[in-house]
Undergrad: 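Dropping the structure in here first, questions after.
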Amino acid sequence: MGMHLAQTLHGLEDARIVAVADPSEEARNKAAAAFNVPAFADYRELLERPDVRAVLVAVPNYLHRETVVAAARAARHIFCEKPMALTVADCDAMIEAAQKAGVKLMVGQVLRLIPVFAKTREIIASGALGEPICLAITRIGGGGFRGWRRLKEYVGGILFEVNAHEFDFMRSVAGEVASVYAAIGRYVEDPHDYEDTALVTLKFRSGAIGHLHASRKSEIGITDGIIQCTRGTITYNWGTNRIEYKPLEGEKKTVEPAEMPTEDGVHREMRSFVEWVLDDVPPVVSWKDGRAAVEIIEAAYRSAATGEPVELPPGSKATTDKHRETQMIL
Ligand SMILES: NC(=O)c1ccc[n+]([C@@H]2O[C@H](COP(=O)([O-])OP(=O)(O)OC[C@H]3O[C@@H](n4cnc5c(N)ncnc54)[C@H](O)[C@@H]3O)[C@@H](O)[C@H]2O)c1
């Protein structure tokens, strides 16, 4: 992912890769050759270079906190891959370090920027379908992971590694989450030491409800979603790259790939990062989004462990009148 981010950023008009770091000799030599720049085994040496104004952090999940805090202390602007970190406490330490140093911190919640998701959000945000009331999102597939991604200690679990994306998308559609209830299990023996399948239910402060079906052990792969709104319904399919929606009054419409944004998600986030650093243009996703996804995930694992719903922020009963009303109707 680091190479993908770096190549995309390097292709922009106002940004250049000037150095790379990776403890893997093979990986850093490949990157150094691709950009014709110096390479370091230890990222702390890279942070000492005066020509490094900003960093792209795409190290394994468990190293995000350490790397981001070091970059902030070196006063470099930071783009950090998702998941922001493996605990909310770690996210807060990263945010505090960035704020103390006065540097920008963006988190790569890219899924919401991918054309089929960006277009779905755009249609909902137009108000043509009314307010979102129920989101049913599916991301299931098979194949498994290799290396550090097989160990919970490094990856955090499936919700961190994969579904930080879906939670961010759901939040970008329906707003802040009020409570989380989850059932999570490891049903199939394989070389991973953590869960393979999860069902997570969200209640949003708006009163909307949402549901994610996540699995890395389904022989049929599905990445789709259906979002009911007060005045219409929309469904997207990432696999076929199609959207269909039907307003209450009006015909069902299909959105073909040609009608979607042409800029791919990673290009959009890299462009936004550069525009934020150089021109102070507000970012398309920020640390707030990265932290919120981690907060939902942490709550989901806590809920699965206790069998109880978890209110957000943790320990609060921060429900709006609308949310309370919905609970009463239910
Ligand atoms: N946004 C997305 O869609 C997306 C896709 C893939 C990965 N990611 C995220 O990107 C991150 C990296 O994933 P990946 O697939 O590239 O993993 P990877 O294992 O392919 O690459 C990680 C690289 O980091 C290097 N590394 C390890 N420790 C380091 C350190 N201390 N300093 C510098 N480099 C170090 C490794 O040697 C390796 O080359 C993860 O957080 C992952 O969740 C995001």
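Order of listing sets the numbers, starting from 1, for every ligand and every atom in it. Remember, predicted model here, so these are calculated numbers, not experimental data.
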Undergrad: Taking 4.0 angstrom as the limit and counting only heavy atoms of Ala21, give me the atoms of ligand 1 inside it, by number and element.
TA: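 This gives 33 (C), 34 (N) as the contact atoms.
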
Undergrad: Between Lys104 and Asp280, is there a salt bridge with N-O shorter than 4.0 Å?
TA: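 Between Lys104 and Asp280 there is a salt bridge, with a charged N closer than 4.0 Å to a carboxylate O.
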
Undergrad: Nearest 0.5 Å, what's the CG-CD distance between Leu278 and Glu13?
TA: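 It is 11.0 Å, given to the nearest 0.5 Å.
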
Undergrad: Are the side chains of Lys246 and Thr233 in touch, meaning some heavy atoms are under 4.5 Å apart?
TA: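 Result no, sub-4.5 Å side-chain heavy-atom pair not found.
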
Undergrad: Could you tell me which atoms of ligand 1, counted from 1 in the order shown, lie closer than 4.0 angstrom to a heavy atom of His64?
TA: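 Atoms satisfying the 4.0 Å criterion: 41 (O).
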
Undergrad: I need the Glu66 CD to Asp90 CG distance, nearest 0.5 Å.
TA: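 Going from the CD atom of Glu66 to the CG atom of Asp90 covers 11.0 Å.
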
Undergrad: Under 4.0 Å, heavy-atom basis, I'd like to know which part of Leu63 is in contact with ligand 1: side chain, backbone, both or neither.
TA: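 Contact part for Leu63 vs ligand 1: side chain (C-beta onward).
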
Undergrad: For atom 44 (C) of ligand 1, which protein heavy atom lies nearest, and how many Å away is it?
TA: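 Going atom by atom, the protein heavy atom closest to atom 44 (C) of ligand 1 ends up being Glu81 OE1, 3.2 Å.
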
Undergrad: Pull out every atom of ligand 1 sitting under 4.0 Å from any heavy atom of Glu161, numbered as shown with elements.
TA: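 The atoms of ligand 1 under 4.0 Å from a heavy atom of Glu161 are 42 (C), 43 (O).
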
Undergrad: Distance-only, no hydrogens or angles: does the Asp42 side chain make a donor-acceptor pair with backbone N or O of Arg44 under 3.5 Å?
TA: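 Checking the backbone N and O of Arg44 against the side chain of Asp42, a donor-acceptor pair under 3.5 Å is found.
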
Undergrad: How long is the span from the CG atom in Asp22 to the CG atom in Asn29, to the nearest 0.5 Å?
TA: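 Taking CG in Asp22 and CG in Asn29, the distance rounds to 9.5 Å.
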
Undergrad: Do me a favour and list the nearest non-hydrogen protein atom to atom 24 (O) of ligand 1 with residue, atom name and distance?
TA: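 Scanning the protein heavy atoms, the shortest distance from atom 24 (O) of ligand 1 goes to Pro60 CD, 3.7 Å.
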
Undergrad: Return the minimal non-hydrogen interatomic distance between Lys288 and Arg171, and the atom names on each side.
TA: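 Taking every non-hydrogen atom into account, O-NH2, 4.2 Å.
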
Undergrad: Quick check on atom 20 (O) of ligand 1 - does any protein heavy atom sit closer than 4.0 Å to it?
TA: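 False for atom 20 (O) of ligand 1.
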
Undergrad: Applying a 4.0 Å heavy-atom criterion (strictly less than), which segment of Val110 is in contact with ligand 1: side chain, backbone, both, or neither?
TA: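 Side chain only; the backbone of Val110 stays clear of ligand 1.
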
Undergrad: Which atoms of ligand 1 have any heavy atom of Ala58 under 4.0 Å away?
TA: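 Answer for ligand 1: 11 (C), 12 (C), 22 (C), 24 (O).
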
Undergrad: Supply the atom-to-atom distance Glu195 CD to Arg216 CZ, rounded to the nearest 0.5 angstrom.
TA: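 Going from CD on Glu195 over to CZ on Arg216, the span is 7.0 Å.
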
Undergrad: Quick check on contacts: which atoms of ligand 1 are under 4.0 angstrom from a heavy atom of Lys82?
TA: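 In order of numbering, the contacting atoms are 1 (N), 9 (C), 41 (O), 42 (C), 43 (O), 44 (C).
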
Undergrad: Please state which option from Pro23, Ala70, Ala164 has its nearest heavy atom closest to atom 29 (C) of ligand 1.
TA: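 Result: the heavy atom closest to atom 29 (C) of ligand 1 is in Pro23.
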
Undergrad: Taking atom CG of Asp289 and atom CZ of Arg112, what is their separation to the nearest 0.5 Å?
TA: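 Answer for the CG-CZ pair, Asp289 versus Arg112, is 4.0 Å.
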
Undergrad: Does the separation of the ring centres of Phe145 and Tyr154 fall below 6.0 angstrom?
TA: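 No - the distance between ring centres of Phe145 and Tyr154 does not fall below the 6.0 Å cut-off.
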
Undergrad: Hey, which atoms in ligand 1 end up nearer than 4.0 Å to a heavy atom of Ala27?
TA: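 In order of number, 39 (O).
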
Undergrad: Among all protein heavy atoms, pick the one closest to atom 18 (P) of ligand 1 and tell me residue, atom and distance.
TA: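 Checked against all protein heavy atoms, atom 18 (P) of ligand 1 sits closest to Trp148 NE1, 3.8 Å.
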
Undergrad: Only heavy atoms of Ser24, strictly under 4.0 Å: list the atoms of ligand 1 that pass.
TA: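 Per the distance check, 37 (O).
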
Undergrad: Looking only at heavy atoms, which two atoms of Val284 and Met106 are closest? And how far apart?
TA: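 Between these two residues, the closest heavy atoms are CG2-CE, 4.1 Å.
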
Undergrad: Quick test: of every protein heavy atom, which one is nearest to atom 2 (C) of ligand 1, and how far off is it to 0.1 Å?
TA: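 Ranked first by proximity to atom 2 (C) of ligand 1 is His165 NE2, 3.6 Å.
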
Undergrad: Applying a 4.0 Å heavy-atom criterion (strictly less than), which segment of Met1 is in contact with ligand 1: side chain, backbone, both, or neither?
TA: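 It is both backbone and side chain that touch ligand 1.
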
Undergrad: Taking atom 41 (O) of ligand 1 as the point of reference, which of Leu46, Asn61, Asp22, Val266 owns the nearest heavy atom?
TA: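 The residue whose heavy atom sits nearest atom 41 (O) of ligand 1 is Asn61.
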
Undergrad: Please round to the nearest 0.5 Å and tell me the distance separating atom CD1 of Ile226 and atom CD of Glu244.
TA: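 If I round to the nearest 0.5 Å, the distance is 9.5 Å.
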
Undergrad: Can you pull out the closest protein heavy atom to atom 7 (C) of ligand 1? Residue, atom name and distance to 0.1 Å, please.
TA: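 That would be Arg149 NH2, 3.4 Å.
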
Undergrad: Val59 heavy atoms, cut-off 4.0 Å: which ligand 1 atoms fall inside?
TA: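 Ligand 1 atoms under the 4.0 Å threshold to Val59: 11 (C), 12 (C), 24 (O), 29 (C), 30 (C), 32 (N), 33 (C), 34 (N), 35 (C), 40 (C), 41 (O).
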
